[in-house]
Structures are given as C-alpha cells and as structure tokens.
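Within every chain, numbering begins at 1; the chains are lettered A, B, ... in the order of the sequence lines, protein sequences first and strands thereafter. Bear in mind the structure is a predicted one, so any value in this text is a computation, not a measurement. Side chains included, hydrogens not; waters and symmetry mates left out as well; all remaining heavy atoms used.
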Amino acid sequence: MYIKNDLKDLYNILFTLYGAQGWWPTLKKGYHLNDYSFPNTQNEVFEVCIGAILTQNVSWKNVEKTLKNLKELNSLTPKNLLALEEEKLKAAIKPAGYFNQKAKKLKFFTEFFLSLNGRTPGREELLSLWGIGKETADSMLLYAFKVPTFVVDTYTKRLCLNFNLIKENEEYDAIKELFEKSIKPDLKVYQEFHALIVEHAKSKKGL
DNA sequence: TTCCAGGCAATAC
DNA sequence: GTATTGCATGGA
C-alpha cells in the first residue's frame with residue numbers, strides 16, 4: 001500500500017479495506033455505523049468525554065470494564081460521578097490503570113463539563129484543564145462535540161513515519177495540520193479517518 | 001517475564 | 001526549549 005497523491009488517497013484506500021468504523025464506541029450500543037448524529041444527549045456526550053480520558057495510554061478493552069463498573073454504580077452521568085466517593089471511583093476505574101491520576105482527572109473534567117451548560121468548549125479551553133492534552137481534547141471535540149478537528153495519536157504518527165510524511169518526533173500540531181490541509185473539515189471523514197488508522201494499525205496488515 | 005496499549009504532567013538538563 | 005520519568009492495569 002502506498003500514497004499516490006495525498007492523504008485523501010490514503011483515506012479512500014483504508015475505507016475500501018475496512019469500511020465505516022462507526023466510532024466512538026459506547027457501552028450501550030457498541031458502535032453506531034452510519035449514524036453521525038451520535039451522541040445525542042448530554043449524558044452520551046459525557047460518556048464519550050470520560051472514555052477519552054480513561055483511554056489515555058491504555059487499551060480500549062480496559063476502558064470498557066471501567067465504563068461498565070461506573071454504569072453499575074449508576075455513576076456514568078456528571079452529577080452522579082461527582083457524588084461518587086473518591087475510593088469507590090478509584091476502585092471502579094482501576095482496570096484503566098493510573099487510577100489515582102485518572103480519578104482526579106475525571107472529577108476536574110466533570111466539574112468543567114457541568115459548567116459548560118451544554119455549550120461546546122474551545123480547544124484551548126480544554127487544553128487549559130489539568131489532565132487534558134492535545135489528543136484527549138481533539139478526541140472530545142471530534143467525537144463528543146462533533147467539531148471536525150483531526151485527532152493525532154501514536155498510530156497516526158507511526159503511519160506517517162512509515163510513509164516518510166514526517167520526521168521522527170514530529171510535533172503533534174504539525175501532523176494535525178498535515179491532515180487538515182489535505183482534507184477539508186468534514187465530521188464524517190475526520191471521524192472515520194482516525195478510526196480507520198487505528199483499525200489498520202491494530203490489524204497489522206502491512207503498513 | 002517482558003512489553004505494549006487510542007497520554008499527560010512534572011521534573012531534569 | 002527538549003529529554004526523561006512516574007503513573008498502573010491487563011493481555012499477549
């Protein structure tokens with residue numbers, strides 16, 4: 001596999017190979033193929049955001065267990081999560097690792113989420129929060145708040161490196177720009193492209 | 001047993 | 001400003 005012209009070709013190749021991915025994965029419906037209206041409720045938006053924090057440097061499998069635990073505690077909503085005792089929260093999110101840090105991150109973010117009152121936050125606003133870095137902020141914007149912004153993760157970096165599109169240790173924002181310059185902002189395409197890159201990296205069909 | 005998984009902040013240089 | 005280190009669980 002190679003890139004003929006630009007990243008649009010890569011997108012088309014991956015889409016042909018793997019098809020629509022229907023990200024973000026959720027507890028209730030699993031994936032939601034061809035439904036780009038998701039998430040529809042504030043609680044669904046919140047669940048995506050929480051998942052974005054929990055999946056930091058950890059496989060999604062681990063996060064699923066954590067989300068299930070929170071659901072069983074009826075704590076997968078902003079107010080209920082805030083009401084949950086510190087120790088119970090840590091126990092519930094243990095499978096996602098870094099539970100001391102992530103418990104703090106979840107509480108900080110949830111306070112912020114409630115203060116939004118349904119408003120969509122800006123990128124810089126999210127980045128200013130303790131515990132929210134570039135990938136987490138962009139994931140929230142793209143998959144929770146439906147803002148067409150490109151998400152860069154380790155898979156994306158590796159892929160670009162293998163195609164000699166970037167140098168070693170290229171900066172996050174430079175890679176992000178690479179994609180956003182080639183492909184006009186489009187919610188569906190940005191959501192699917194990132195998901196396809198992850199799927200491709202996991203499938204290990206070359207690179 | 002070692003290594004990695006959809007990062008981030010704190011610290012060191 | 002860039003490089004390194006701590007954080008932690010679960011599966012391969």
Do A:Val45 and A:Leu114 belong to the same hydrophobic cluster, where Ile, Leu, Val, Met, Phe, Trp and Tyr are linked whenever their side-chain heavy atoms lie under 4.5 Å apart, directly or via other members?
->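 Looking at the clustering, A:Leu114 is in a separate group from A:Val45.
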Check each residue of residues 32-56 of chain A for a non-hydrogen atom within less than 4.0 Å of any atom in DNA chain B, then write out the ones that pass by number, or none.
->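 Residues of residues 32-56 of chain A under 4.0 Å from DNA chain B: A:Thr55, A:Gln56.
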Could you tell me whether [X] contacts a base, only the sugar-phosphate backbone, or nothing, with contacts defined as non-hydrogen atoms closer than 4.0 Å?
X	value
A:Asn100	sugar-phosphate
A:Phe99	sugar-phosphate
A:Gln101	base
A:Lys102	nothing
A:Lys61	nothing
A:Thr154	sugar-phosphate
A:Leu129	sugar-phosphate

Counting just side-chain N and O atoms, does A:Lys94 come under 4.0 Å of either OP1 or OP2 of C:dC7?
->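 The answer is no; no side-chain N or O of A:Lys94 sits under 4.0 Å from OP1 or OP2.
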Phosphate oxygens OP1/OP2 of B:dA5: is one of them under 4.0 Å from a side-chain N or O of A:Arg158?
->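 It does, given that an N or O in the side chain of A:Arg158 lies less than 4.0 Å from OP1 or OP2 of B:dA5.
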Hey, is A:Asp173 close enough to A:Arg123 for a salt bridge, meaning N to O under 4.0 Å?
->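 Counted as a salt bridge, because a side-chain N and a carboxylate O are separated by less than 4.0 Å.
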With the side chain of A:Thr136 defined as its heavy atoms from C-beta on, choose the nearest nucleotide among C:dT2, C:dA8, B:dC8.
->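 Output: B:dC8.
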Atom NZ of A:Lys146: over 12 foreign heavy atoms under 6.0 Å |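 More than 12 within 6.0 Å, yes.
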Check the pair A:Glu125, A:Arg119 against salt bridge (Lys or Arg N to Asp or Glu O under 4.0 Å), reporting the backbone distance first and the verdict last.
-> CA-CA 12 Å; A:Glu125 204 176 355; A:Arg119 179 175 64 85; 2.8 Å; yes
For A:Glu111, all residues meeting side-chain hydrogen bond (donor to acceptor under 3.5 Å, both in side chains), sequence neighbours excluded =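 Testing A:Glu111 for side-chain hydrogen bond (donor to acceptor under 3.5 Å, both in side chains), a comparison that skips the adjacent residues, returns none.
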Roughly how far apart, to the nearest Å, are C:dA8 and B:dA10 at atom P?
->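 Looking at atom P only, C:dA8 and B:dA10 are 14 Å apart.
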How long is the span from the OG1 atom in A:Thr120 to the CG atom in A:Leu141, to the nearest 0.5 Å?
->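 So the gap between those two atoms works out to 8.0 Å.
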Just checking, any donor-acceptor pair under 3.5 angstrom between side chains of A:Tyr18 and A:Ser203?
->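 Result is yes, a qualifying pair exists.
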